[in-house]
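Order of listing sets the numbers, starting from 1, for every ligand and every atom in it. These numbers come from the heavy atoms of this one structure, side chains and all, not from hydrogens, waters or symmetry mates. All residue numbers refer to positions in the sequence shown, counting from 1.
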Amino acid sequence: MALSESELITRYFRSCGAQRRDVALGVGDDAALLECPPGMQLVATTDTLVAGVHFPPSIPAAAIGHRALAVNLSDLAAMGARPAWALLALTLPEADEHWLTEFAAGFGALARAHEVALVGGDTTRGPLTVTVQLLGHVPHGRVLTRAGGRAGDLLFVSGSPGDAGAGLALEQGRLEAPPGAAPYLRERFLLPTPRVALGERLGAFASACIDVSDGLLGDAGKLAAASAVGLEISFEALPVSPQLAQALGPEAARALALTAGDDYELLFAVDPARAAELERELPRAQWNYRQIGVLRAGAGAAVVRDGTVMDFSHSGYQHFV
Ligand code: ADP
Ligand code: MG
């Protein structure tokens, strides 16, 4: 590498994220020193992105930087936590200065938008791999988990799942979409929007929450299992963006919304007694979420259409991939 490791860290990562007063020591010493506010619990998560496994190697470096942080922000959002500090372990095949500039710009813009300080990390040489560890906090006893859902709770999802899956398929040349839809869908894959503010607000309302990273139906099953309930999703109630409907037609769009990954939306349960208050405090039009089903006694996640349970286990609904 033309740049030494310490030059690289100083140039690209020392002031990449937000500046925060609660960082007593950030990048530069052997470890970071952080002040956790009194009355708060520390919430920690980490996710690794491997080139060619978690994203196509061809995508822009800024999108890789954005995504590496976004997936972790989404995990904290699902816990109702406020993000604060990130660590970045970066494995690079070479110190390409243009790539590093773009990567740090993508990471840094999202970090500053959420007031996240980059407080440390590690830099090594090898196949492109990005690991972010994200720390945040939540008021004591107010954390959201997958486990609190109860039979009778209403089930909601934010955003329009499926868009990112179509964006990935476009990126990989497995799908074609009209010019009116393709740029939007591609951007939903490249620059996912973690629902951080919604997650934090949901701490006061939701009984259970999970972020949708591996496909809505599969992640709904995880929420159901953790809450020891069953759950029913109405096929017709699934929100679909006009662009996804334009690209696939409404039927396949809904199927993709259930099965594709990379959405980073929030799936959450709310006691019906709290529904009116939820709507008042977090108006749906403004916060962009929608009821898609209910929790029931039993087990597993089922999708229902016209009173009939649909089967997504066969490949018929994954026809374009
Ligand atoms: P050490 O050998 O003690 O681990 P390093 O030379 O790896 O120290 O790192 C020096 C400082 O730079 C440390 O504070 C470390 O946390 C930080 N750092 C290293 N790589 C990164 C990175 N990619 N992003 C942010 N901080 C980094
Ligand atoms: Mg190190």
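Those atoms of ligand 1 with a heavy atom of Asp122 less than 4.0 angstrom away are 7 (O), 19 (C), 20 (N), 21 (C), 23 (N). Ligand 1 places these atoms under 4.0 Å from at least one heavy atom of Glu5: 5 (P), 6 (O), 7 (O). The Val27 neighbourhood of ligand 1 comprises atoms 12 (O), 14 (O), 17 (C), 26 (N), with distances under 4.0 Å to a heavy atom of that residue.
Counting heavy-atom neighbours within 6.0 Å of Glu187 CD, excluding the residue itself, gives a total of 12 or less. Annotation for Glu236: atom CD counts as buried by contact number, over 12 foreign heavy atoms lying within 6.0 Å. Around CZ of Arg284, the count of heavy atoms belonging to other residues, nucleotides or ligands within 6.0 Å exceeds 12.
Relative to the six-membered ring of Tyr264, Arg188 misses at least one condition, a distance below 6.0 Å or an angle of at most 45° to the axis.
Contact annotation: for Ile9 versus ligand 1, heavy atoms closer than 4.0 Å belong to the side chain alone. Heavy atoms of Asp29 found under 4.0 angstrom from ligand 1 belong exclusively to the backbone. Contact annotation for Arg14 and ligand 1: no heavy atom of the residue comes within less than 4.0 Å of the ligand.
Residue contacts with ligand 1 leave out Ser6, since none of its heavy atoms falls under 4.0 Å from the ligand.
Selection from Leu100, Val130, Thr123 by nearest heavy atom to atom 21 (C) of ligand 1 gives Thr123. Looking at Leu88, Leu118, Asp30, it is Asp30 that brings a heavy atom closest to atom 3 (O) of ligand 1.
Note: an N/O pair closer than 3.5 Å links Gly28 and ligand 1 by distance alone. The distance criterion of under 3.5 Å between nitrogen or oxygen atoms is met by Gly121 with respect to ligand 1.
Ring geometry for Phe13 against Phe103 counts as perpendicular: the plane angle is over 60°, on a 0 to 90° scale with 30° as the lower cut.
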>> side chain to side chain contact (heavy atoms under 4.5 Å, CB included), that's the test. Do Leu282 and Leu202 meet it? Break it down for me.
In response: CA-CA 9 Å; Leu282 300 175; Leu202 285 176; 4.1 Å; yes
Under 3.5 Å, side-chain donor or acceptor atoms of residues 18-34 against the rest of the protein: list the pairs with distances, not counting sequence neighbours.
residue	atom	partner	partner atom	Å
Arg20	NE	Asp22	OD1	2.9
Arg20	NE	Asp22	OD2	3.3
Arg20	NH1	Glu115	O	2.7
Arg20	NH2	Asp22	OD2	2.7
Asp22	OD1	Trp85	NE1	3.0

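Linking ILVMFWY residues whenever their side-chain heavy atoms come closer than 4.5 Å, directly or via other members, places Ile210 and Leu258 in the same cluster.
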